[in-house]
Amino acid sequence: MAHIKTWFGDIELHNDEIARSQVLKADIDAMAQRLQQEDFADFDKECRGRLREIAIKLQVVSSEREYVSLLRAVMIQSAKQRIVAAFAQPDARIIQLIDGIDDIDESINLLSERLSEWCLLTSETSMPEDLLEAFASSPSAQSPLAQEFAGSISRLCELRQQLANAIELEMRTTAPNLSTLAGELLGARLIARAGGLEPLARMPASRIQVIGASKALFRHLKYGTKPPKHGVIFQHPLVRGSHPNNRGKIARTLAAKIAIAARLDFYSKKVYPELLSQVEKRFGELQTAERNPEQHEDKIP
Amino acid sequence: MANCRPQSATPNNMKIRYHKVPGVFLLDKQLATKGEALYGERTFDGYRLWNPRRSKLAALLTKQAQVPLAPEQIVLYLGAASGTTVSHLANIVSLVYAVEFAPRVARDLVRLSERVTNIVPLISDAAHPDYGPVVELVDLLYQDIAQPRQAEIAVKNAELFLKPRGYACIIIKARSIDVTEKPRTVYKREVKKLEELFDIEYVHELEPFYKAHAAVIARLA
């Protein structure tokens, strides 16, 4: 006796004969719905080879041709539902937003370079740091075209701010621990690089540490150069702000805590704010050690 | 794709020949299948050109290897992506179950299967097959997924869905299994894993079309 659950219904086989069955007939929506909702167990190859035959016997379809066309219609429907569901995930939105920010940054840089070239037409000194402010007082600001151009740049800057705000909001709700520890933007970037919160939560800390340093990592693996100490987590103030001798150590600690934070966020949703202070404590220890090197004699050969 | 303008007529001097594999043709030396254009490829007289640089199966066929494809076959295709190869394969065999996980490319695959009547799209992770209630027994398992655990995934899917003595065509991308190892060492190791379940017929490298890729043709033991 075998009980099999197929896409067109539940069937009980008794000595190769259909003993009982409950099938859905040609109702594409109901069939697709059922595939999304119910649990299905694997069944053996012999039954699998008879799927078409069983469906015809139970008058779900009248021919093999019809079997294929009904199955195809159901699976197209179900595939569409799955795609919509995948894109409705908050991490899909976060990835979109962070990629948007990166695109805008690139555009702002490109346009700013152009604007500063433009200003050079009328002034002999090169443009200082804050381009837009300097532009306003430069002679080029008289030209309406140049003004319009500068306006586009400042509008892009505003849009960037809006995107950043949206990311902060999304991150606060989907990944509170990661946001507290790494900051919303860096956290979002890590999620984007990993391909989602789940892949990030499943990643070992050692890999999180070098996300974004793949060139250096593979150069290391292939040619035996020095391994990278940090990838995108270099943007974290605790990594960037520490002495170069300590960056590898603090990056390692931070990556380990980020791994924990991502797992908390994905699997339990519990908030555990101590993670950041733990990294800060380690940062403090390393700072002190750096200032009093004699206390750590083991470092000196 | 701007330069892939479809052309209708076969130029007079073009020779159409049969490839060893039924359903596959050679227009001069270019691979083609019969059907209407689906992704912007060039067509001649109802023949769709099949670029070996865009499809590993085309690369394998261009290298004249004997590939176990036949018109009546049902194929389970793991790693369908946007469906370029699937669309040609559907011209050759009777039915293709196309599995793809990434929603971005799967959108193209679904659009394709709405136009072609013998493609069934499955949005699932081949590593954790949940298409058990859907897929019938298949004659050929085709796998083109760049995954470190791809051999295990092939074995798992073959155990569930492949007919006794059915064929498997498995594309190994050495670089996604181990970047540091020499490709041939990787192939050997993967083939060894496949030998647990399959009789290996041959292993064919896909150079010069693809670097560090090989195709394994095997048969369920």
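Each chain gets a letter, A, B and so on, in the order the sequences are listed, and its residues count up from 1.
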With chain B, the option among A/F43, A/Y223, A/F8, A/W7 that has the most non-hydrogen atom pairs under 4.5 Å is A/W7
Closest heavy-atom pair, A/M75 versus B/L122, reported as atoms and distance to 0.1 Å, is CE-CD2, 3.4 Å
B/I123 and A/A79 have their tightest heavy-atom pair at CG1-CB, 3.4 Å
So, the part of A/R72 with a heavy atom under 4.5 Å from chain B: the answer is both
Turns out that what part of A/L35 lies under 4.5 Å from chain B's heavy atoms comes down to side chain
Between B/V179 and A/L221, the two heavy atoms sitting closest are CG2-CD1, 4.4 Å
Most heavy-atom pairs under 4.5 Å with chain B, out of A/K80, A/R50, A/K222, belong to A/K80
Turns out that what part of A/S69 lies under 4.5 Å from chain B's heavy atoms comes down to neither
Scanning both residues in full, the closest heavy-atom pair of A/K45 with B/F161 reads CE-N, 4.2 Å
Under 4.5 Å to a heavy atom of chain B? For A/K5 that would be backbone
When the 4.5 angstrom heavy-atom criterion is applied to B/E100 and chain A, the contacting part is neither
Whatever's closer than 4.5 Å to a heavy atom in chain A on B/Y97 counts as side chain
Residues A/I76 and B/S113: closest non-hydrogen pair is CD1-O, 3.6 Å
